[in-house]
Amino acid sequence: RALLPEEASTVNIVVLEELKAYIDPLTPDEHDALERSLLAEGCRDALVLWGDILVDGHNRHGICQKHGLPFQTVQNPNFQSMEDVHLWMIDQHLGRRSVSDYQRGVLALRKREIVAERRAKAHAQKATEPVPEAPTGDAPWEGDAPSAALAAVLEPKPLQSREDIARAARLSSSQVGMIEKIQKQATPEVVAAVRSGDISLNAAAVVATLPEDEQRAAALAGKDELKQAAKRVREARRKPRDEEAAPAEQQAPADTPASDEVHTLRQRVAQLEAENAELRQQVQTLSAQLV
């Protein structure tokens with residue numbers, strides 16, 4: 001049932017800043033829209049808890065507390081560790097339309113790291129554990145075998161390739177590559193511009209190749225300067241390729257008298273070789289008739 005305002009104020013809900021900040025916060029406009037919706041329609045979706053810890057619904061919880069609105073809570077019985085909580089939060093937000101392409105890519109990359117680390121720990125632990133004896137006859141397995149089997153089924157599949165990450169994030173492989181580059185090379189100012197939508201993934205990945213001071217200067221100057229910086233980098237990359245192609249064209253121009261003469265001579269040589277081959281064939285034929 002929904003908790004009344006006076007009951008909600010006494011419920012011991014623990015808000016961890018780690019979980020609150022695990023997903024990018026709402027923009028001011030998004031937060032205002034959510035607040036208007038809750039005031040008009042109430043808090044229809046239950047807040048998800050792990051014990052006393054708030055896992056999902058931080059914005060709704062804050063708004064309900066602010067206005068004394070009733071809300072519901074529900075426990076998730078599948079959480080066994082904070083890693084389980086993180087993976088659940090990631091999957092929840094990967095499926096939401098409001099999450100940007102950049103954030104979906106970041107979450108999918110984060111999921112890859114968590115799953116890979118968990119699998120490595122599980123393999124290391126399995127290697128050090130004694131092998132259990134097989135049951136005899138119809139004797140059932142003892143210990144925690146059923147729970148281990150359940151854990152194996154629930155354990156998410158690893159995201160090993162860039163294509164796996166792209167499918168999980170509903171992106172292209174090239175977009176995932178751009179996001180990886182932005183994460184590794186971009187300054188916080190450029191990342192903030194991507195998150196706010198001031199610059200595209202493609203442009204941000206290009207700007208991220210600049211020295212850090214140039215990235216910061218472009219970001220501080222605004223989105224127009226960021227776009228211009230990306231344009232300058234692309235033009236600088238294109239110029240060396242054009243310069244490399246120019247000498248080759250100068251060395252062998254297609255329509256000069258010298259090249260026309262060479263072409264004519266090559267055609268004449270080919271014609272003579274064909275005539276010689278035909279004459280050799282006729283000689284061989286006459287020789288065979290004389291014999």
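In this text the structure is predicted, and so the values were computed from the model without any measurement.
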Quiz item: Which residues satisfy the side-chain contact (heavy atoms from CB on, under 4.5 Å) test with Pro28, sequence neighbours excluded?
Solution: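 So Pro28 forms no side-chain contact (heavy atoms from CB on, under 4.5 Å) with any residue.
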Quiz prompt | Residues forming a side-chain contact (heavy atoms from CB on, under 4.5 Å) with Leu34, sequence neighbours excluded | solution =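 Result, side-chain contact (heavy atoms from CB on, under 4.5 Å) vs Leu34: Leu26, Leu38, Asn59, Arg60, Ile63.
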Below 4.5 Å, heavy atoms only, C-beta onward: do [X] and [Y] meet side chain to side chain?
X: Arg36; Y: Asp32; result: yes
X: Leu39; Y: Leu69; result: yes
X: Val85; Y: Met89; result: yes
X: Leu47; Y: His58; result: no

Exercise. Without swapping roles, check the side chain of Glu214 against the backbone of Pro211 for a donor-acceptor pair under 3.5 Å.
Key: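 Between the backbone of Pro211 and the side chain of Glu214 there is no qualifying donor-acceptor contact (under 3.5 Å).
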Closest approach of [X] and [Y], non-hydrogen atoms and distance?
X: Val99; Y: His93; answer: CG2-O, 3.2 Å
X: Ala168; Y: Ala108; answer: CB-CB, 4.5 Å
X: Phe71; Y: Cys64; answer: CD2-CB, 3.8 Å
X: Gln175; Y: Ser172; answer: OE1-N, 2.9 Å
X: Ala218; Y: Ala229; answer: CB-CB, 4.2 Å
X: Asn78; Y: Asn76; answer: N-OD1, 2.9 Å

Are [X] and [Y] close enough for a salt bridge, meaning some N to O gap below 4.0 Å?
X: Glu117; Y: Lys121; answer: yes
X: Arg96; Y: Asp24; answer: no
X: Arg118; Y: Asp84; answer: yes
X: Arg112; Y: Glu180; answer: yes

Practice problem: Show your reasoning for whether side-chain contact (heavy atoms from CB on, under 4.5 Å) applies to Arg234 and Asn202. | Solution: CA-CA 11 Å; Arg234 293 191 186 102; Asn202 191 312; 3.0 Å; yes
Quiz item: Cut-off 3.5 Å, side chains only: do Glu189 and Thr187 have a donor facing an acceptor?
Solution: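 A pair is found: one side chain offers a donor N or O, the other an acceptor, under 3.5 Å apart.
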Quiz item: Run the side-chain contact (heavy atoms from CB on, under 4.5 Å) check on Leu16 and Met82 step by step: do they pass?
Solution: CA-CA 11 Å; Leu16 298 181; Met82 189 59 72; 4.0 Å; yes
Exercise. Take Leu107 and Ile23 through the side-chain contact (heavy atoms from CB on, under 4.5 Å) test and state the conclusion after the steps.
Key: CA-CA 8 Å; Leu107 291 174; Ile23 306 295; 3.6 Å; yes
Practice problem: Could you pull out all residues at least two apart from Asp198 that satisfy salt bridge (Lys or Arg N to Asp or Glu O under 4.0 Å)? | Solution: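 Per chain and number, Asp198 pairs via salt bridge (Lys or Arg N to Asp or Glu O under 4.0 Å) with no residue.
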Practice problem: Starting from Val206, walk the hydrophobic network (Ile, Leu, Val, Met, Phe, Trp, Tyr; side-chain heavy atoms closer than 4.5 Å) and list everyone else you reach, by chain and number. | Solution: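 Result for Val206 is Tyr102, Val106, Leu109, Leu159, Ile165, Leu171, Val176, Met178, Ile179, Ile182, Val190, Val191, Val194, Ile199, Leu201, Val207, Leu210, Leu226, Val233.
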Quiz item: So which pairs with a foot in residues 215-226 pass side-chain hydrogen bond (donor to acceptor under 3.5 Å, both in side chains), sequence neighbours left out?
Solution: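 side-chain hydrogen bond (donor to acceptor under 3.5 Å, both in side chains) check on residues 215-226 returns Glu212-Arg216, Glu225-Arg232.
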Quiz prompt | All ring-ring contact (aromatic ring centres under 6.0 Å, His included) counterparts of His86, not counting sequence neighbours | solution =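 Here the qualifying residues are Tyr22.
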